[in-house]
Amino acid sequence: MLYIAATPIGNLKDITLRTLEVLQTVDGIICEDTRRTSLLLNHYQINKPLMVLNDYNEAKVFPQIIERLKSGQNLALVSDAGTPLISDPGYKLVRECLQQKIPVDSLPGPSSVITALTLSGLPPDKFTFLGYLPEKSGHRTNTLKELIPSMTYIIFVAPHKLLRTLEDMEKVLGDIEVTLAHELTKIHQSVESKTITEWLKILKNPKGEYILLLRLSPS
């Protein structure tokens, strides 16, 4: 059995009893970064073998994981924070398990996407998660041009790309109001809405991951 196990996005208390039970009983845990996962496991006094799965070693470790699952072992797949597969590696593993009739279960839990959406004050009836915008400026601009009104959009933004992303948005969408969520579930949690020009005046040296939310008004 492969368990998809959601882990805290900040506050280590945000983990379900069911997830803790599974992490305590599986034969091993598949993670992105052993250091990040060890912080969580040590906090709950869980000692399990860790395997790293990321975009760089996928071809090498993939067969090993499948073989262990086929032999009857139970493994848990976790991300550095939140629900696995959401802009994180893992979906190819899940797909292969399903094709090979290996049981898969997903344990509901924390998601920064839903947390940010519910705190933003934006309409949650229709929303689209875009993950990270394209690296190249031209592709990023084209993506922004394709956004439609009456839809709430949720975007992950790395700190070193935040200002550039906001500048591109202003060029394509105008000086609209956007919401930035930062440090969710942590002591310095912040979810604020401002126009793009206001954000550009305030943000000088962004640090940590951001979640950007916006909704375009009908023209």
Side-chain angles (χ1 to χ4, degrees), residues 1-62 64-66 68-69 73-94 97 104-117 119 129-133 135 154-162 180-191 205-212:
M1 170 78 80
L2 174 69
Y3 293 96
I4 304 169
T7 56
I9 59 176
N11 192 318
L12 292 181
K13 294 179 181 179
D14 292 332
I15 190 168
T16 69
L17 294 175
R18 185 182 174 204
T19 297
L20 286 176
E21 182 180 60
V22 166
L23 293 179
Q24 290 166 343
T25 57
V26 291
D27 298 296
I29 298 173
I30 308 162
C31 63
E32 295 178 77
D33 186 330
T34 56
R35 295 167 298 179
R36 294 284 296 273
T37 300
S38 292
L39 290 175
L40 174 66
L41 298 180
N42 291 338
H43 181 79
Y44 287 102
Q45 299 180 332
I46 298 173
N47 184 21
K48 293 291 176 178
L50 300 179
M51 295 167 283
V52 175
L53 176 67
N54 54 42
D55 293 332
Y56 305 104
N57 73 348
E58 190 173 54
K60 179 180 178 181
V61 303
F62 206 83
Q64 302 172 21
I65 295 173
I66 293 296
R68 291 182 64 171
L69 290 166
Q73 290 192 21
N74 294 316
L75 302 176
L77 172 67
V78 302
S79 68
D80 283 347
T83 301
L85 279 70
I86 309 301
S87 284
D88 282 320
Y91 91 89
K92 293 179 183 178
L93 174 61
V94 172
C97 287
V104 179
D105 199 3
S106 183
L107 312 180
S111 168
S112 61
V113 174
I114 300 303
T115 302
L117 175 63
L119 287 173
F129 173 60
L130 295 178
Y132 292 95
L133 293 177
E135 290 280 343
I154 307 169
I155 302 168
F156 284 167
V157 188
H160 62 284
K161 297 178 182 177
L162 180 58
L180 289 181
H182 189 234
E183 298 287 295
L184 290 176
T185 77
K186 299 179 182 178
I187 295 176
H188 300 295
Q189 172 176 289
S190 171
V191 182
N205 186 28
K207 295 182 179 179
E209 295 289 323
Y210 283 80
I211 300 176
L212 188 153

Straight-line distance of [X] [atom1] to [Y] [atom2], nearest 0.5 Å:
{"X": "Leu212", "Y": "Ile155", "atom1": "CG", "atom2": "CD1", "result": "5.5 Å"}
{"X": "Leu23", "Y": "Leu107", "atom1": "CG", "atom2": "CG", "result": "8.0 Å"}
{"X": "Gln189", "Y": "Leu119", "atom1": "CD", "atom2": "CG", "result": "5.5 Å"}
{"X": "Glu209", "Y": "Leu184", "atom1": "CD", "atom2": "CG", "result": "11.5 Å"}
{"X": "Leu20", "Y": "Leu41", "atom1": "CG", "atom2": "CG", "result": "9.5 Å"}
{"X": "Ile4", "Y": "Thr19", "atom1": "CD1", "atom2": "OG1", "result": "11.5 Å"}

| query | Taking the inter-plane angle between the rings of His182 and Tyr210 on a 0 to 90° scale, is it parallel (under 30°), tilted (30 to 60°) or perpendicular (over 60°)? | reply |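 Parallel, since the angle between the ring planes stays under 30°.
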Main-chain N/O of [Y] paired with [X] side-chain donor or acceptor, under 3.5 Å:
{"X": "Thr185", "Y": "Asn11", "value": "yes"}
{"X": "Glu21", "Y": "Leu17", "value": "no"}
{"X": "Asn42", "Y": "Ser38", "value": "yes"}
{"X": "Tyr44", "Y": "Leu12", "value": "yes"}
{"X": "Asp14", "Y": "Pro110", "value": "no"}
{"X": "Asn74", "Y": "Asp27", "value": "no"}
{"X": "Glu183", "Y": "His188", "value": "no"}

| request: Just do the side-chain contact (heavy atoms from CB on, under 4.5 Å) check on Asn205 and Lys207 with the steps written out, would you? | output: CA-CA 6 Å; Asn205 186 28; Lys207 295 182 179 179; 3.4 Å; yes
Taking all atoms of both residues into account, what is the closest heavy-atom pair of [X] and [Y], and its distance?
{"X": "Ser79", "Y": "Gly82", "result": "OG-O, 3.1 Å"}
{"X": "Met1", "Y": "Asp105", "result": "SD-N, 3.9 Å"}
{"X": "Gly131", "Y": "Ser87", "result": "CA-OG, 3.5 Å"}
{"X": "Leu2", "Y": "Cys97", "result": "CD2-SG, 3.9 Å"}
{"X": "Ala181", "Y": "Val191", "result": "CB-CG2, 4.0 Å"}
{"X": "Pro89", "Y": "Glu32", "result": "CD-OE1, 3.8 Å"}

| field | Pro108 side chain reached by Arg18 side chain, heavy atoms, under 4.5 Å | value |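 A side-chain contact under 4.5 Å exists here.
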| task | Could you tell me whether the side chain of Thr7 reaches within less than 4.5 Å of the side chain of Arg36, counting heavy atoms only? | result |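 The answer is no; the side chains never approach within 4.5 Å.
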| said: Could you go through Ile66 and Leu93, starting from their C-alpha distance and side-chain angles, then the distance that decides it, and tell me whether this counts as side-chain contact (heavy atoms from CB on, under 4.5 Å)? | reply: CA-CA 8 Å; Ile66 293 296; Leu93 174 61; 3.8 Å; yes
| query | Between Leu75 and Tyr3, is a side-chain contact (heavy atoms from CB on, under 4.5 Å) present by the stated rule, with each step listed? | reply | CA-CA 6 Å; Leu75 302 176; Tyr3 293 96; over 6 Å; no
| message | Taking salt bridge (Lys or Arg N to Asp or Glu O under 4.0 Å) as the definition, give me every residue that meets it alongside Lys92, ordered by chain and number, with sequence neighbours left out. | response |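 Once residues adjacent in sequence are excluded, the partners of Lys92 under the salt bridge (Lys or Arg N to Asp or Glu O under 4.0 Å) criterion are Glu58.
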| Residues which pass side chain to side chain contact (heavy atoms under 4.5 Å, CB included) with Ser111, listed by chain and number, not counting sequence neighbours |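 So Ser111 forms a side chain to side chain contact (heavy atoms under 4.5 Å, CB included) with Thr83, Val113, Ile114.
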| query | Looking at Val104, Ile29, Leu85, which one forms a side-chain contact (heavy atoms from CB on, under 4.5 Å) with Leu77? | reply |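 Of the listed options, the one satisfying the test is Leu85.
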| task | Test side-chain contact (heavy atoms from CB on, under 4.5 Å) on Met51 and Ile30 and set out the steps. | result | CA-CA 5 Å; Met51 295 167 283; Ile30 308 162; 3.6 Å; yes
